[in-house]
S.K.: 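I am attaching a structure below and will ask some questions about it afterwards.
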Amino acid sequence: MSIFDNTIIRRHSNSVKWDAMEKVYGLKGASEILPMWVADMDFAPPAAVSQALQEHAENAVFGYSFISEKALQSIVDWQDTRHGWHIDKDSILFNNGVVSALANAITAFTKLEDKVLISSPVYPPFFNIPKSNGREVVSCPLVEKDGTFVFDFEAFEQALAQNVKAYILCNPHNPGGYVWDEATLKEIVRLCAKYDVVVISDEIHSDLMLEGAVHTPLAKVAGDEIDRIITCMAPTKTFNLAGIQIAYMIVTDKKKRAQLEAVNMASGQGSLNSFAPIAMHAAYTEGSAWLEELLPYISNNMAYVMAELEQLPGIRVEKPQGTYLLWIDYREMEIDEEVMMQRLLEIGKVALEPGTKYGEEGRGFLRMNVACSFETVKDGVTRFKRALL
Ligand SMILES: Cc1ncc(COP(=O)(O)O)c(C=O)c1O
């Protein structure tokens, strides 16, 4: 019996995942649908996090606060022990989310109409954030090789050469769960340096490494080019704290930190919610055992779903090295995405993410979130099968 076997009822809790499906999928009767879409987990965080938040709530005075030294130190220690990455406290800047960190970095390091490069299929805000800030998005798709998506560095270099000013990397990769190796990361740095491009590395999924996979922070292998890297990290995916809202950027270059701070000032973004660093500190200092129990639980859920779904003709699932997301390939079924989604939602009563949400390269794929109890995963598989029979 694992703590993650406990199925927590989340419906009617203003949860985006459980209570916003009617709006997102535009359908009635969403209350019968099992959500396996948006990337949050159905698990309670480590007990130490809830306890620290409760203690803070009991203080009863919630004026402006700043981030404590011990909260800062918990980030330094976490990066050191988890990723073997030694960072300086002074290099850390805070945001209330990684998406807002991406927006600030785009605003700070590019100008209106500048080109921002991304590698699709990829997390949708990589398209939307630069675009809605008046930048031009250039997509250099990942390419398929031996059943997986990889970088095509020839095309990547050609894209960079079109006067691109910033590149947003998803490390590890959402939706594919790919954990980029050191050689790939070094080649990204080499090429971005050649064209003087700032690299924004979104590493929010970095702690979710499965079965011995190892996350490599881009900046850790960037050598002399470290100052062109903006690393975005957070404890929120790792410990299921998205609603608490905290993220941080690690920026070694002093000048770039000042530019980011100026963007923060310009939009009036200031201190964090006082609960957020408390949750982060508790998670980073007391949450390791919880995480060590979580990762094999996720792996087990994945193995089960893969074994079941691959019995269906035309379905292929590659085992991710990281994240709690499965990228399901149904291209051989030759079904339109719209029909597939309709079957899943209306017959199966299960909500997955349609692949084109991550770019056109995602057509014929679905993203399934398996961060829920095994009981719920089994229910999801039954619903998925029912939709396709
Ligand atoms: C790659 C990636 N970046 C950022 C986020 C969201 O970050 P935040 O909630 O901190 O804005 C997600 C959430 O799924 C994600 O997958």
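In listed order, ligands and their atoms are each counted from 1. Just so it is clear, the values below take in all heavy atoms, side chains as well, and ignore hydrogens, waters and symmetry mates.
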S.K.: Is the gap between the ring centers of Phe62 and His56 under 6.0 Å?
M.R.: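 Ring centres of His56 and Phe62 closer than 6.0 Å.
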S.K.: Checking contacts here: is it the side chain or the backbone of Ala39 that comes within 4.0 Å of ligand 1, counting heavy atoms only? Could be both or neither.
M.R.: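 Only the side chain of Ala39 comes within reach of ligand 1.
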S.K.: Does the protein put any heavy atom within less than 4.0 Å of atom 9 (O) of ligand 1?
M.R.: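 No, there is no protein heavy atom closer to it than 4.0 Å.
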S.K.: Can you find a non-hydrogen atom of Cys170 under 4.0 Å from ligand 1?
M.R.: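 Under 4.0 Å: yes for Cys170.
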S.K.: Considering only the protein, which heavy-atom contact is closest to atom 1 (C) of ligand 1, and what is its distance?
M.R.: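 Answer, as residue, atom name and distance: Asp202 OD2, 3.3 Å.
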S.K.: For atom 6 (C) of ligand 1, grab the closest protein heavy atom and report residue, atom and distance to one decimal in Å.
M.R.: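 Result for atom 6 (C) of ligand 1: Tyr123 OH, 3.1 Å.
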S.K.: Quick one: nearest non-hydrogen protein atom to atom 11 (O) of ligand 1, plus distance?
M.R.: Val99 N, 3.0 Å
S.K.: Ignoring hydrogens and angles, tell me if any N or O in the side chain of Asp202 forms a donor-acceptor pair with the backbone of Ile204 under 3.5 Å.
M.R.: yes
S.K.: Please identify which atoms of ligand 1 are closer than 4.0 Å to at least one heavy atom of Asn174.
M.R.: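 Ligand 1 atoms under the 4.0 Å threshold to Asn174: 15 (C), 16 (O).
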S.K.: Is there a polar contact, in the sense of an N or O pair closer than 3.5 Å, between Lys237 and ligand 1?
M.R.: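 Yes, Lys237 has an N/O under 3.5 Å of an N/O on ligand 1.
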S.K.: Is the closest N or O pair between Ser100 and ligand 1 shorter than 3.5 Å?
M.R.: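 Checking ligand 1 against Ser100, no N or O pair falls under 3.5 Å apart.
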S.K.: Just verifying a value: how many Å separate Ser373 OG and Asn6 CG, rounded to the nearest 0.5 Å?
M.R.: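 It is 8.0 Å, given to the nearest 0.5 Å.
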S.K.: Taking N or O atoms only and a 3.5 Å limit, does Ile204 qualify as a polar contact for ligand 1?
M.R.: no
S.K.: Strictly under 6.0 Å, is that where the ring centroids of Tyr304 and Phe374 end up?
M.R.: yes
S.K.: Can you confirm whether or not the ring centre of Tyr167 sits under 6.0 Å from the ring centre of Phe156?
M.R.: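 Judged by ring-centre distance (under 6.0 Å), Tyr167 and Phe156 do meet the cut-off.
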S.K.: Does Lys255 come within less than 4.0 Å of Asp253, counting only side-chain N to carboxylate O?
M.R.: no
S.K.: Taking only heavy atoms of Gly97, which atoms of ligand 1 are found under 4.0 Å from at least one of them?
M.R.: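 In order of numbering, the contacting atoms are 10 (O), 11 (O).
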S.K.: Is the distance between the ring centroids of Trp290 and Tyr297 under 6.0 Å?
M.R.: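 No, the ring of Trp290 stays outside the 6.0 Å limit from the ring of Tyr297, centre to centre.
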S.K.: Answer with yes or no whether His205 contacts ligand 1, where contact means a heavy atom under 4.0 Å from a ligand atom.
M.R.: yes
S.K.: So do the side chains of Leu142 and Val150 get within less than 4.5 Å of each other, counting heavy atoms only?
M.R.: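 Side-chain contact under 4.5 Å: no.
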